[in-house]
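Quick note on labels: first sequence line is chain A, next is B, and so on, each numbered from 1.
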Amino acid sequence: MPELPEVETTLRGIAPHIDQQTVSKIIIHNGSLRWPVDKTLPRILKNQQLLKLQRRGKYLILCFSKGSLLLHLGMSGTLRVLNAGETLQKHDHFEMCFNNGKALRLRDPRRFGSVLWTTEPWETHKLINKLGPEPLSDDFDENRLYTKSRKKTVAIKSFVMNSHIIVGVGNIYASESLFIAGINPNKAAGKVSKKAYSALTQAIKIILGNAIKQGGTTLKDFSSPDGNPGYFAQQLNVYGRKGEPCPKCKKPITQKVINQRATYYCTVCQR
DNA sequence: CAAAGGTCCTGCTCGC
DNA sequence: TGCGAGCAGGACCTTT
């Protein structure tokens, strides 16, 4: 479920409840996630104060004085803040309880998510230190994609989804931003013009920025049992719309698998 | 049976 | 020949 806007929305939803709070208990219900959860975490984090929460790409980072916890939601993860003692649901794998009576709970049916403890500065962690710039930061400018893509033969769609180039463009927003920029997702990244990359860069910033704004309006969902993310569904132009008319030219939207991922585009408007 | 919003890892190919 | 870079595909898992 999580694209970057949802991860950001999750961060904004949970932070007010647990920021600066002290951990009373950690419970690992099922440590078999993408990587095994460190079994000593309950001992390490007991009575530690959560000093800061932040996001880098799709990783959420919880900072303590002894180190940092890197959380990733994978394909199907959700994080919620509940009152301690609420009934455990199926696929609730990890839980951090706080002295204020709140509990942060990770639910993830597919278990592609992760909970990783590191004592080094989180910026230098192996999974973080090679990440590209944040899409909404000034470090992500129209030159970045163009410069990095020279001589690359991968499809532009795969290229923008590569977190080492730029973080936060997932499968939905890759299709959406390429549509707005008028670029065929199959085109070799190295053959996309500077002008097209400029349009793509703008599209990514606008689309992700808007999605975060929308997400912000659904913050209340995060404390409800069945908070439903669907906030973006009505404004997607092409994703999931195979056969429906292109919003610009009315030709049916094409769906094709590119590097194992469903891709949606208009063969007329995207060249 | 296919597909679902992620991404790391492995192994192959290619060019210096 | 050896090595790194780039790339495709596999892997992880459950639910619909």
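Counting non-hydrogen atoms of other residues, nucleotides and ligands closer than 6.0 Å to NZ of A:Lys66 gives a total above 12.
One atom, NE2 of A:His125, and another, C1' of B:dC8, lie 12 Å apart when rounded to the nearest Å. Rounded to whole angstrom, the span from the CG atom of A:Asn30 across to the P atom of C:dT14 amounts to 9 Å. Atom P of nucleotide C:dC7 and atom CG of A:Asn259 are separated by 10 Å, given to the nearest angstrom. The distance from atom NE2 of A:His91 to atom P of C:dT16 is 8 Å, rounded to the nearest whole Å. Distance, A:Leu70 CG to B:dC8 C1': 15 Å, rounded to whole Å. Atom C1' of nucleotide B:dG6 and atom CD1 of A:Ile165 are separated by 17 Å, given to the nearest angstrom. Atom C1' of nucleotide C:dC12 and atom NE2 of A:His93 are separated by 13 Å, given to the nearest angstrom. Atom CG of A:Leu33 is separated from atom P of C:dC13 by 11 Å (rounded to the nearest Å).
Closest to the side chain of A:Val154, from the set C:dG10, C:dC7, C:dT14, is C:dC7. Ranking B:dC8, C:dG10, B:dA4 by closeness to the A:His164 side chain, first place goes to B:dC8. Distance from the side chain of A:Lys58 is smallest for B:dG6 among the nucleotides B:dC8, B:dG6, C:dG9. Checking B:dG6, C:dG9, C:dG6 against every side-chain atom of A:Gln260, the shortest atom distance belongs to C:dG9. Closest to the side chain of A:Tyr59, from the set B:dG6, C:dT15, B:dC8, is B:dC8. Across C:dG6, B:dC8, C:dC13, the shortest atom-to-atom separation from the side chain of A:Phe112 is found for C:dC13.
Residue A:Arg111 places no side-chain atom within donor-acceptor reach of the base of C:dC13, judged by atom type and a 3.5 Å distance cut-off alone. Side-chain N/O atoms of A:Arg34 and base N/O atoms of B:dT7 include a donor-acceptor pair closer than 3.5 Å.
A donor atom on one side chain and an acceptor atom on the other are not found under 3.5 Å apart for A:Thr201 and A:Arg144. When only modelled atom types and interatomic distance are considered, A:Lys157 and A:Asn184 share no side-chain donor-acceptor pair under 3.5 Å.
The heavy-atom pair separating A:Gln20 from A:Leu51 by the smallest distance is NE2-O, 2.7 Å.
A cation-pi geometry, defined here as NZ or CZ lying under 6.0 Å from the six-membered ring centre and within 45° of its normal, does not hold between A:Lys148 and A:Tyr197.
Shown here, C:dC13 forms no base pair; nothing in the strands shown gives a Watson-Crick or G-U wobble contact with both key distances under 3.5 Å.
The aromatic rings of A:Phe64 and A:Trp117 sit tilted, their planes meeting at an angle between 30° and 60°.
Between A:Ser163 and A:Tyr264, the residue anchored nearer the 5' end of DNA chain B, judged by the nucleotide with its closest heavy atom, is A:Tyr264. Taking for each of A:Lys126 and A:Arg110 the nucleotide of DNA chain B with the nearest heavy atom, the 5'-most of the two is the partner of A:Arg110.
For the pair A:Lys90 and C:dT15, the criterion of a side-chain N or O lying under 4.0 Å from OP1 or OP2 is met. Distances shown here put every side-chain N or O of A:Lys151 at or beyond 4.0 Å from the OP1 or OP2 atom of C:dG6. In terms of phosphate contacts, A:His72 brings a side-chain nitrogen or oxygen within less than 4.0 Å of OP1 or OP2 of B:dT7. A close approach under 4.0 Å does occur between a side-chain nitrogen or oxygen of A:Thr153 and OP1 or OP2 of C:dC7.
For the P atoms, the distance from C:dC13 to B:dT10 is 16 Å, rounded to whole Å.
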